[in-house]
Student: 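For reference, the structure I am asking about is given below.
Keep in mind that this is a model prediction, so the values were computed, not measured.
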Amino acid sequence: FTTLEKTLGQDAVRAVLGSHLFEFELILANLRNALELSGIQDQTLWNKARDQAMYENFLWQCDLASTEKYFGQWGLGHVYQSEQWGVNWVASLLNQEEAYSEKVLSIVLIYQDSHSLRNFSYEVVPLDTYSTRSNVFREIGGDDPLLIKLDSPESPFGEQLIWKTRDPKPWKGVTTDYYQYILFVPNAEPSSPLVD
């Protein structure tokens with residue numbers, strides 16, 4: 001990587017790459033991140049390093065002075081806006097950035113009686129991330145997806161930590177410190193692979 005980075009610094013190479021220089025540098029940085037992550041065995045340290053890399057990639061691509069809005073789709077933990085079990089996820093890191101503080105909106109997808117594809121093997125496996133003693137989301141929405149706003153005035157989600165995902169429950173705060181909406185998705189079918 002050091003040789004490639006030095007090569008990118010040469011004026012002739014920069015001229016050839018032109019407007020693609022930025023993309024090439026981003027890909028190179030992500031390859032370096034992937035190699036560094038492959039050496040981390042501890043799951044918490046790996047999650048911290050991965051989300052730090054995601055955060056840095058986001059900042060690298062976005063203008064902090066811009067008033068533009070960005071939409072990103074990340075997995076469940078990545079959208080948590082506060083530290084959870086020792087990890088500051090990418091949304092938490094963005095929320096700490098002055099330009100994005102109090103401007104991040106997180107929607108958690110919660111699946112029930114659903115299916116997904118296992119990575120690489122494309123095996124269809126059950127997907128159920130809804131942790132509940134009562135089935136209130138299903139009772140309200142039936143078999144249809146249901147969007148639930150959690151940060152309304154006097155919402156119990158803004159007053160206490162009500163955790164509806166199977167992820168480990170954080171130690172402190174209230175639900176809306178982590179996410180502001182739940183999209184409840186019952187009976188989701190697995191996606192289709194792009195190749196057979």
Student: Report the distance from atom CD of E123 to atom OG of S116, rounding to the nearest 0.5 Å.
Tutor: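 Answer rounded to 0.5 Å: 9.5 Å.
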Student: Taking N30 for the side chain and L26 for the main chain, is one N or O donor matched with an acceptor at less than 3.5 Å?
Tutor: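 Flag set: sc N30 to bb L26 pair under 3.5 Å.
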Student: Between CH2 of W74 and OH of Y80, what distance do you get to the nearest 0.5 Å?
Tutor: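 Taking CH2 in W74 and OH in Y80, the distance rounds to 15.0 Å.
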Student: Can you get from V174 to V79 by hopping between Ile, Leu, Val, Met, Phe, Trp and Tyr side chains that sit under 4.5 Å apart?
Tutor: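 They do not share one cluster, since no chain of ILVMFWY contacts under 4.5 Å joins V174 to V79.
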Student: Could you work out, with side-chain hydrogen bond (donor to acceptor under 3.5 Å, both in side chains) as the rule, every residue matching S92, not counting sequence neighbours?
Tutor: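 side-chain hydrogen bond (donor to acceptor under 3.5 Å, both in side chains) check on S92 returns N88, Q96.
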Student: Against Y178, only a single residue in V108, L161, T165 fulfils side chain to side chain contact (heavy atoms under 4.5 Å, CB included); can you say which?
Tutor: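 Result for side chain to side chain contact (heavy atoms under 4.5 Å, CB included) with Y178: L161.
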Student: In the hydrophobic clustering that connects Ile, Leu, Val, Met, Phe, Trp and Tyr at side-chain heavy-atom distances below 4.5 Å, which members other than I107 occupy its cluster, ordered by chain and number?
Tutor: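 Noted: I107 shares its cluster with L105, L109, Y111, L127, L147, Y181, L183, V185.
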Student: Got a donor-acceptor contact below 3.5 angstrom from the T175 side chain to the Q160 backbone?
Tutor: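 Yes; at least one donor-acceptor contact below 3.5 Å.
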Student: Please, which pairs that meet salt bridge (Lys or Arg N to Asp or Glu O under 4.0 Å) have at least one residue in residues 153-177, sequence neighbours excluded?
Tutor: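 Counting only pairs at least two positions apart or across chains, no salt bridge (Lys or Arg N to Asp or Glu O under 4.0 Å) contact touches residues 153-177.
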Student: When you measure from the side chain of W46 to the backbone N and O of Q41, does any donor-acceptor pair fall under 3.5 Å?
Tutor: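 The answer is no, because no donor-acceptor pair under 3.5 Å joins these two groups.
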Student: Do the two ring centres, one from Y55 and one from W89, sit under 6.0 Å apart?
Tutor: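 When the ring centroids of Y55 and W89 are compared, they turn out to be at least 6.0 Å apart.
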Student: Start with the C-alpha distance between V125 and H115, add both sets of side-chain angles, then the distance that settles side chain to side chain contact (heavy atoms under 4.5 Å, CB included), and finish with yes or no.
Tutor: CA-CA 5 Å; V125 293; H115 293 88; over 6 Å; no
Student: Of all residues at least two apart in sequence or in a different chain, which pass the salt bridge (Lys or Arg N to Asp or Glu O under 4.0 Å) check with R50?
Tutor: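 Once residues adjacent in sequence are excluded, R50 has no partner under the salt bridge (Lys or Arg N to Asp or Glu O under 4.0 Å) criterion.
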Student: Does the side chain to side chain contact (heavy atoms under 4.5 Å, CB included) test come out yes or no for Q180 and D151, once each step is laid out?
Tutor: CA-CA 6 Å; Q180 294 75 45; D151 59 354; 3.6 Å; yes
Student: Can you tell me if NZ on K149 sees more than 12 non-hydrogen neighbours from other groups inside 6.0 Å?
Tutor: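 Check passes, neighbour count above 12.
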Student: Go through D113 and Y130 one step at a time and tell me if the side chain to side chain contact (heavy atoms under 4.5 Å, CB included) criterion holds.
Tutor: CA-CA 9 Å; D113 299 327; Y130 187 24; over 6 Å; no
Student: Is L45 reachable from L93 through a run of hydrophobic residues whose side-chain heavy atoms are each under 4.5 Å from the next?
Tutor: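 As far as the 4.5 Å side-chain criterion goes, L45 and L93 are not connected within one cluster.
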Student: Which atoms form the tightest heavy-atom contact between I148 and F184, and what is the distance?
Tutor: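 Shortest heavy-atom contact: CD1-CB, 4.3 Å.
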Student: Ignoring hydrogens and geometry, is there a side-chain-to-backbone donor-acceptor pair from S114 to P186 under 3.5 Å?
Tutor: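 Not a single qualifying donor-acceptor pair exists.
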Student: Tell me whether R138 contacts the main-chain N or O of G142 through its side chain, where contact means a donor paired with an acceptor under 3.5 Å.
Tutor: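 Yes: the side chain of R138 pairs with the backbone of G142.
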Student: Would L31 end up clustered with F22 when hydrophobic side chains under 4.5 Å apart are linked, directly or stepwise?
Tutor: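 Unlinked, L31 and F22 end up in two clusters.
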Student: Assess whether side-chain hydrogen bond (donor to acceptor under 3.5 Å, both in side chains) is satisfied between N187 and Q112, documenting all intermediate values.
Tutor: CA-CA 6 Å; N187 304 317; Q112 185 179 47; over 6 Å; no
Student: If you count the non-hydrogen atoms of other residues, nucleotides and ligands that lie under 6.0 Å from CD in Q73, is the total more than 12?
Tutor: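 Not buried by this count: 12 neighbours or fewer within 6.0 Å.
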Student: Can you list the residues that meet the side-chain contact (heavy atoms from CB on, under 4.5 Å) rule with P168, with sequence neighbours excluded?
Tutor: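 So P168 forms a side-chain contact (heavy atoms from CB on, under 4.5 Å) with Q84, W85.
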Student: Are any side-chain N or O atoms of Q81 and backbone N or O atoms of V104, one a donor and one an acceptor, separated by less than 3.5 Å?
Tutor: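 Side chain of Q81 to backbone of V104: a pair is present.
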Student: Which atom names give the shortest non-hydrogen contact between W171 and G86, and what distance separates them?
Tutor: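 Result for this residue pair: CZ3-N, 4.4 Å.
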Student: Taking only residues two or more places apart in sequence, or in another chain, which ones meet F157 in a ring-ring contact (aromatic ring centres under 6.0 Å, His included)?
Tutor: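 Not a single residue meets the ring-ring contact (aromatic ring centres under 6.0 Å, His included) criterion with F157.
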